[in-house]
Protein chains: 2
Amino acid sequence: MKVSVSKEDHLKAIFHLQQEHGTVTTNALAASLGTRAASVTDMLKKLKEQKLVNYERYKGFKLNNEGKKAAVQIIRKHRLWEYFLVKKLQFGWDEVHEIAEELEHISSRKLIDRLDAFLGHPDTDPHGDPIPDSQGRLQVRRQVSLAELPLNKPAQVSGIASQTSEMLELLQYNHIRLGTRLEIRKKFPFDHSLEVKVRNRPPVTLSAQVAKNVLVTDDEPPTEKR
Amino acid sequence: MKVSVSKEDHLKAIFHLQQEHGTVTTNALAASLGTRAASVTDMLKKLKEQKLVNYERYKGFKLNNEGKKAAVQIIRKHRLWEYFLVKKLQFGWDEVHEIAEELEHISSRKLIDRLDAFLGHPDTDPHGDPIPDSQGRLQVRRQVSLAELPLNKPAQVSGIASQTSEMLELLQYNHIRLGTRLEIRKKFPFDHSLEVKVRNRPPVTLSAQVAKNVLVTDDEPPTEKR
DNA sequence: TTTTAATTTTAGATTTGTCTAAAATTAATT
DNA sequence: AATTAATTTTAGACAAATCTAAAATTAAAA
């Protein structure tokens, strides 16, 4: 069966893509959503109609202010639910994405604000991504990928860029998770793989592909309260 | 826009209707769901295909064992979410239905079992309806006549013993019907008449004769543990 | 700058879920 | 028992969301 991809899914995906590339292309969005270019074009017309996106045919597109606000509200819902699942229902941080993907479509605004209060207004979700507050303010944090981290510079894992369950499993296996303090002991130019040292553990080797997707800060760990 | 009514909505509605009437008719289900008879017939064919319902065209229909199991799981989800909303997020008992209606469509079984444990395996939802356990066992409730109901014990009208039109007219006049939640505020020993309070209404007085013929299930305040 | 390639859009086909109106069946009334 | 009424089903219309394939446009290469 052809699975329907909602307006909300489009907004969220555009938001993430435009963070990386400034402007978004039809094909990129289609790939990200697992749909076809033609379907994306159809949706773009609707989003333009609703004044959520700046779009001229054949030129790319990006969210306008209204669109960004809407996208951030969805991200807020997603991350609050992930936090709930991990902190209250004892899920592992690597099992919550799909469930939150469903929960984020629940529409009640009051529900989300109540949930936020119940959780104590958390700052960051279980993957280390910041949770927008009820005004839609998204705290920006300076993150670099592990691949860019200098040798021997202590850092802390603050986010995972690509949250496939395969990736999360690999990290889990290597005892790398949010908040883990580590540093790079050696870089192998041949394949850009890294030897990484975590305190109290033997060193592990990570591929360049993994390193690109592990985000770190030299900053403080994510706090529970705002 | 024509709003789509899911398979799950149909199962739940059939379940409730067949509790009352044993077998369900096309029109009754359509009315209950706010759709049309033709749409119900379409869905019935699919449910029969999936072996969830016993259905012969032009004769009514009812859920078979599989169908009942499925319906009970949905009811379980609905009531657990209602409990969560009221007990953890401080919603009023009268604001949670619509939100739970959305939440009940979240599919993860693990989520529901974890939620159940987090809430302490509650027995009854905020409206006093029993919550099926993880095996789908739905606690049966004991029916007593209103005359036997203790003072101030919340209860729900679940049947009328003598359905003369005079009796029904009297009950109608006092806004008491099947499903009405009420409690006894005062008992007058002189003639065994009762003062009964229905939510959002002024108290009414009922004779012993009427009280004997109104059947209620005790609607005990939700407990935390089973 | 022309040609070729890649991307994006449009047009129209397909699917799905709903509906209306007519036909089939069952129930009620005379 | 025959007629009428009510209910249910079927047939086909309509709307929405998706897709494929072709056309339009833009970008890249020669």
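The basis for the numbers below is simple: all heavy atoms, side chains too, and nothing from hydrogens, waters or symmetry mates. Below, chains carry the letters A, B, ... as their sequence lines are ordered, and counting in each starts from 1.
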Show me, pair by pair, the donor-acceptor contacts under 3.5 angstrom made by side chains of residues 53-67 of chain A, not counting sequence neighbours?
from	atom 1	to	atom 2	distance (Å)
Asn64(A)	OD1	Glu66(A)	N	3.1
Asn64(A)	OD1	Gly67(A)	N	2.8
Asn64(A)	ND2	Lys51(A)	O	3.0
Glu66(A)	OE2	Lys69(A)	NZ	3.4

**Study point:** Value in whole Å for how far the C1' atom of dA13(D) lies from CG of Asp42(B)
**Key:** 13 Å

Practice item. Could you tell me whether the phosphate oxygens of dT18(D), OP1 or OP2, come under 4.0 Å of any side-chain nitrogen or oxygen in Arg36(A)? Key: no

Review point. Is the backbone of Ser6(A) close enough, under 3.5 Å, to the side chain of His10(A) for a donor and an acceptor to pair up by distance?
Key: yes

**Study point:** Lys88(A) to Phe84(B), cation-pi by 6.0 Å centre distance and 45° axis angle
**Key:** no

**Study point:** Selected nucleotide, minimal atom distance to Tyr55(A) side chain, candidates dT8(D), dT9(C), dC19(D)
**Key:** dT9(C)

Review point. Val5(B) near the nucleic acid: base, sugar-phosphate alone, or nothing, with a heavy-atom cut-off under 4.0 Å?
Key: sugar-phosphate

Exercise for review: Report which part of the nucleic acid Lys46(A) touches: base, sugar-phosphate, or nothing (heavy-atom distance under 4.0 Å, all strands).
Suggested key: sugar-phosphate

Check your understanding: For the pair made of NE2 in His10(B) and P in dG17(C), what is the distance, rounded to whole Å?
Key -> 11 Å

Check your understanding: Does a nitrogen or oxygen in the side chain of Lys45(B) sit under 4.0 Å from OP1 or OP2 of dT10(D)?
Key -> yes

Check your understanding: So, is Thr26(B) near the phosphate of dT9(D), with a side-chain N or O under 4.0 Å from OP1 or OP2?
Key -> yes

Exercise for review: Find the distance Met43(A):CE to dA17(D):P and express it as a whole number of Å.
Suggested key: 7 Å

Identify each donor-acceptor pair in which a side-chain atom of residues 102-115 of chain A lies under 3.5 Å from a protein atom, sequence neighbours left out, and give them as a table.
from	atom 1	to	atom 2	distance (Å)
Glu102(A)	OE1	Ser107(B)	N	3.2
Glu102(A)	OE1	Ser107(B)	OG	3.4
Glu102(A)	OE2	Ser107(B)	OG	2.9
Glu104(A)	OE1	Lys12(A)	NZ	3.1
Glu104(A)	OE1	His78(A)	ND1	2.7
Glu104(A)	OE2	Lys12(A)	NZ	3.2
His105(A)	ND1	Glu8(A)	OE1	3.0
His105(A)	NE2	Asp9(A)	OD1	3.4
His105(A)	NE2	Glu101(A)	O	3.4
Ser107(A)	OG	Glu102(B)	OE1	3.4
Ser107(A)	OG	Glu102(B)	OE2	2.8
Ser108(A)	OG	Lys110(A)	N	3.4
Ser108(A)	OG	Leu111(A)	N	2.9
Arg109(A)	NE	Asp113(A)	OD1	3.4
Arg109(A)	NE	Asp113(A)	OD2	3.2
Arg109(A)	NH2	Ser134(A)	O	2.8
Lys110(A)	NZ	Glu95(B)	OE1	2.8
Asp113(A)	OD1	Arg76(A)	NH2	2.8
Arg114(A)	NH1	Leu89(B)	O	3.0
Arg114(A)	NH1	Gln90(B)	O	2.9

Review point. Taking only N and O in the side chain of Thr25(B), is any of them less than 4.0 Å away from OP1 or OP2 of dT7(D)?
Key: no

Practice item. Could you tell me whether Ser4(B) contacts a base, only the sugar-phosphate backbone, or nothing, with contacts defined as non-hydrogen atoms closer than 4.0 Å? Key: sugar-phosphate

Study note, to complete from the structure: From CD of Glu56(B) across to P of dT26(C) the rounded distance in Å is 11 Å

Exercise for review: May I ask you to evaluate whether Arg57(B) reaches the phosphate of dA24(C), defined as a side-chain N or O under 4.0 Å from OP1 or OP2?
Suggested key: no

**Study point:** Atom pair distance, as rounded to whole Å: CG in Leu44(B) and P in dT9(D)
**Key:** 7 Å

Study note, to complete from the structure: Tyr58(B) has its side chain closest, among dT8(C), dT26(C), dA11(D), to dT26(C)

Check your understanding: What's the CD-P distance between Glu49(A) and dA16(D), to the nearest Å?
Key -> 13 Å

Exercise for review: Looking at every strand, decide which applies to Phe61(A) at a 4.0 Å heavy-atom threshold: base, sugar-phosphate, or nothing.
Suggested key: nothing

Check your understanding: Is the shortest side-chain N/O distance from Asn27(B) to OP1 or OP2 of dT8(D) below 4.0 Å?
Key -> yes

Check your understanding: Given atom CG of Leu29(B) and atom P of dT18(C), what is their separation to the nearest angstrom?
Key -> 12 Å

Point to revise | Short side-chain to backbone donor-acceptor contact, Arg79(A) and Pro130(A), under 3.5 Å | key: yes

Review point. Taking the side chain of Ser39(A) as heavy atoms from C-beta outward, which of dT25(C), dC19(D), dC19(C) is closest to it?
Key: dC19(D)

Practice item. Identify the two heavy atoms, one from Ala37(B) and one from Ala30(B), that lie closest to each other, and give their separation to 0.1 Å. Key: N-CB, 3.7 Å

Study note, to complete from the structure: From NZ of Lys59(B) across to P of dT25(C) the rounded distance in Å is 11 Å

